[in-house]
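Computation of the quantities below employed the complete heavy-atom set of this structure, encompassing side-chain atoms and omitting hydrogens, waters and symmetry-equivalent molecules.
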Amino acid sequence: MIKSIVAHTEEIDDIKAAVEEIKSQLGGLDGFLRKNTLGIVSCHYEFVDSGVLDGICKALPFEIVGTVSSGQATEAQNGELLLTLMVLTSDTVDFVTTVTRSLTQEPGKAIEESYKTASAGREKPALILAFAPFMLENTGDEYVRVISEVSGGAPCFGTFAIDGSTDFVKCFTLAGGEHYLDKLVMVLVYGDVKPKFYIANVSTGRIFEKSAVVTKSCGNTIMEVNERPITEYFEDLGLTKASEEQYAFSSLPFMLDYNDGAPRVSKFFIRLTPEKYAICAGDVPEGCALYIASADKDDVLVTTGNVVDSILKDAGDAQALLVYSCIGRSMTLGGDQFKEAQLIRHKISSKLPFMLGFSGGEMCPTQVLEEKAVNRFHNNAFIACLL
């Protein structure tokens, strides 16, 4: 069984004051901490630059991992210039942390090597928590695929760092007070834990019925659908002009059906190449069915609210809820970028310790079968892990 507690600070400059505030909210850790403990952090990059995060990591007697994020929330607060910390502790659950070598070369091999070293002599973990850097040259689908293969299908849940800038220069992953632009952090969770997973993206009624089959693609690039250029598909939908602008479809995500019986997965269209191919924020394999959906502010709140209601119904004796929400969802909310976070805070209130971070890409199973999980990389998703 896992127990948890959550703390936060807005003190971005004074290391001593920030440490004291976090310690005060965590209370008497000597009586709370069990045999094994893990801290999960989400914070604005200025907490890294100022040394506050490092000071907190040094002051607390357990490993702390996570990512930089452009927005975060707990039961007590939400905001951009915020550091949030969830502490998980247990006598019957073990946490094994590993940091890959640089993912700039052979990222799949780097992840595989790191996993094998960390898991040596152990059975399949009950859960893998993954914290990834935002690297335009790599795809989250490859990370998830490799983690799934090397672990034998252990459920993988996690996020991609996002700093809120247009050039992604401080999308750090975090571990032990260190920060990385090019390394994946994983936590292999073993023992008495049965996580439950939840996903929200777009309401079924907002997915256009006119689908297409991807007939030519390479990684995250779509060349043809229905054996016609992708631009002709956009033309059929009246989206030719919009497709010529980068990230123009932030409110019109693609929904992909892999034809494997698992739920559809959302992906963002980023831009057209000079050859008029469509670049997406994730792989789009040949043979999958592609739909366009329409997201708006109301639908973000409806879909998230429905999922949170399901979580509370299922919570039972659960002790922690870890949540990540795609930055695209906050963009859809416009000037009310924290409206989704506020909805979660209102619904959960004091019923369950939770922490939310904005995400540059989400890793979450769409199904957990007896033999293995169907792990996917998502865009435009709200994902949650109930522990």
If you measure only the distance, is there a donor-acceptor pair under 3.5 Å linking the side chains of Thr104 and Ser102? yes
Describe, in one word, how the ring planes of Tyr143 and Phe160 are oriented to each other, choosing from parallel (under 30°), tilted (30 to 60°) and perpendicular (over 60°). parallel
The residue among Leu83, Leu82, Leu85 that forms side chain to side chain contact (heavy atoms under 4.5 Å, CB included) with His8 is Leu82
Take Leu272 and Tyr277 through the test side-chain contact (heavy atoms from CB on, under 4.5 Å) and record every step on the way to the result. CA-CA 5 Å; Leu272 290 176; Tyr277 300 152; over 6 Å; no
Under-4.0 Å salt bridge between Glu75 and Arg345: no
Please check if the side chain of Arg271 supplies one atom and the backbone of Phe269 the other of a donor-acceptor pair under 3.5 Å. no
If we count only N and O atoms by modelled type, under 3.5 Å, do the side chains of Ser114 and Thr100 hold a donor and an acceptor together? no
Output, in order, the C-alpha distance, side-chain angles, deciding distance and verdict of side-chain contact (heavy atoms from CB on, under 4.5 Å) for Arg329 and Thr304. CA-CA 10 Å; Arg329 295 176 75 82; Thr304 296; 2.9 Å; yes
Show the numbers, then the answer: is there a side chain to side chain donor-acceptor pair (under 3.5 Å) between Gln77 and Thr74? CA-CA 5 Å; Gln77 185 62 285; Thr74 69; over 6 Å; no
To check you understand the geometry: which heavy-atom pair defines the closest contact between Ala7 and Leu26, and what is its length? CB-CD2, 3.8 Å
Arg101 backbone acceptor or donor facing Lys183 side chain under 3.5 Å: no
Got a salt bridge between Arg376 and Asp260, using NZ or NE/NH1/NH2 to carboxylate O under 4.0 Å? yes
Shortest non-hydrogen contact from Pro195 to Ala126? CG-O, 4.0 Å
Please report the shortest heavy-atom distance between Ala293 and Met255, naming the atom on each side. CB-CG, 3.9 Å
For the CD atom on Glu123, are there more than 12 heavy atoms of other groups (residues, nucleotides or ligands in this structure) within a distance under 6.0 Å? no
Verify whether one side chain among Glu11 and Thr9 offers a donor that lies under 3.5 Å from an acceptor in the other. no
Does a side-chain heavy-atom distance below 4.5 Å link Leu88 with Thr37? no
What do you reckon, is CD of Gln105 surrounded by more than 12 foreign heavy atoms closer than 6.0 Å? no
Tell me, do Ile207 and Arg264 make a side-chain contact under 4.5 Å, heavy atoms counted? yes
Apply side-chain contact (heavy atoms from CB on, under 4.5 Å) to Phe358 and Leu356, showing your working. CA-CA 7 Å; Phe358 287 173; Leu356 174 146; 4.0 Å; yes
Can a donor-acceptor pair be found, under 3.5 Å and without considering hydrogens, that links the side chain of Ser165 to the backbone of Phe168? yes
Examine the side chains of Asp13 and Ser50 and answer whether a donor and an acceptor come within less than 3.5 Å of each other. no
Checking the side chain of Ser217 only, and the main-chain atoms of Val284 only, is there a donor and an acceptor separated by less than 3.5 Å? yes
N/O donor-acceptor pair under 3.5 Å between Gln25 side chain and Lys23 backbone: no
What's the shortest heavy-atom distance between Leu174 and Val185, and which atoms? O-CG2, 3.9 Å
Check this for me, if you would: do Asp336 and Lys297 make a salt bridge, where the nitrogen-to-carboxylate-oxygen distance has to be below 4.0 angstrom? yes
Nearest atoms (heavy-atom pairs only) where Ser42 meets Gly357: OG-CA, 3.7 Å
I'd like to know if the side chain of Asn220 and the backbone of Ile279 have a donor-acceptor N/O pair within less than 3.5 Å. no
Pair Lys267 + Asp141: basic N to acidic O under 4.0 Å: yes
Under a 3.5 Å threshold, yes or no: a donor from one side chain and an acceptor from the other, between Ser24 and Glu21? no
Side chain to side chain, Tyr233 and Ile222, heavy atoms closer than 4.5 Å: no
Donor-acceptor pair, side chain of Ser349 and main chain of His346, under 3.5 angstrom: no
I need the Lys347 NZ to Ile311 CD1 distance, nearest 0.5 Å. 11.0 Å
Less than 4.0 angstrom from a charged side-chain N to a carboxylate O is my criterion; do Asp236 and Arg228 meet it? yes
Evaluate the criterion side-chain contact (heavy atoms from CB on, under 4.5 Å) for residue pair Ser4 and Phe354; output intermediate values, then yes/no. CA-CA 9 Å; Ser4 74; Phe354 87 93; over 6 Å; no
Should Phe47 and Ile162 be regarded as members of a common hydrophobic cluster, given that ILVMFWY residues are connected when their side-chain heavy atoms come within less than 4.5 Å of each other, either directly or indirectly? no
Anything under 30° is parallel, anything over 60° is perpendicular, the rest tilted; go ahead and classify Tyr324 against Phe157. tilted
Rounded to the nearest 0.5 angstrom, the CE-CG distance for Met363 and Leu129 is 9.5 Å
Mind checking whether Val65 and Val48 sit in one hydrophobic cluster, side chains of I, L, V, M, F, W, Y counted as touching below 4.5 Å? no
Using the rule side chain to side chain contact (heavy atoms under 4.5 Å, CB included), only one of Leu60, Leu33, Leu38 pairs with Val87; which is it? Leu33
Does Val265 share a hydrophobic cluster with Phe254, counting links as ILVMFWY side-chain heavy atoms below 4.5 Å and allowing steps through other members? yes
Let me check something: do Leu127 and Val144 share a hydrophobic cluster, defined by ILVMFWY side-chain heavy atoms less than 4.5 Å apart, either directly or through other members? no
What's the spacing between Cys156 SG and Ile128 CD1 if we round to 0.5 Å? 6.0 Å
Indicate yes or no for a side-chain donor-acceptor contact from Asn78 to the backbone of Gln342 under 3.5 Å, with no hydrogens or angles considered. no
Do Asp54 and Lys58 meet the salt-bridge criterion of a basic N to acidic O distance under 4.0 Å? yes
Return the CG to CG distance between Asp94 and Asn36, rounded to the nearest 0.5 Å. 4.5 Å
Would you check if Ile327 and Ser70 make a side-chain contact, meaning some heavy-atom pair closer than 4.5 Å? yes
Side-chain (Ser90) to main-chain (Thr92) donor-acceptor, under 3.5 angstrom: yes
Nearest-0.5 Å distance that lies between atom NZ in Lys170 and atom CZ in Phe172: 6.0 Å
Using a 3.5 Å distance criterion without hydrogens, assess whether the side chain of Asn375 forms a donor-acceptor pair with backbone atoms of Ala154. yes
Nearest heavy-atom contact between Lys276 and Thr231 is O-CG2, 3.6 Å
Report yes if the side chains of Ser325 and Glu340 come closer than 4.5 Å at any heavy-atom pair, otherwise no. yes
So Asp192 and Asp91, do their side chains get closer than 4.5 Å, heavy atoms only? no
Step through the shown structure and confirm whether more than 12 heavy atoms of other residues, nucleotides or ligands are within 6.0 Å of NZ on Lys351. yes
Is there a chain of hydrophobic side chains (I, L, V, M, F, W, Y, each step under 4.5 Å between heavy atoms) that links Leu188 to Val193? no
Rounded to the nearest 0.5 Å, what's the gap from SG on Cys43 to CD1 on Ile64? Could you check? 10.0 Å
When you check the gap from the basic side-chain N to the acidic O, do Arg145 and Asp283 get nearer than 4.0 Å? no
Over 12 non-hydrogen atoms of neighbours within 6.0 angstrom of CD in Glu137: yes
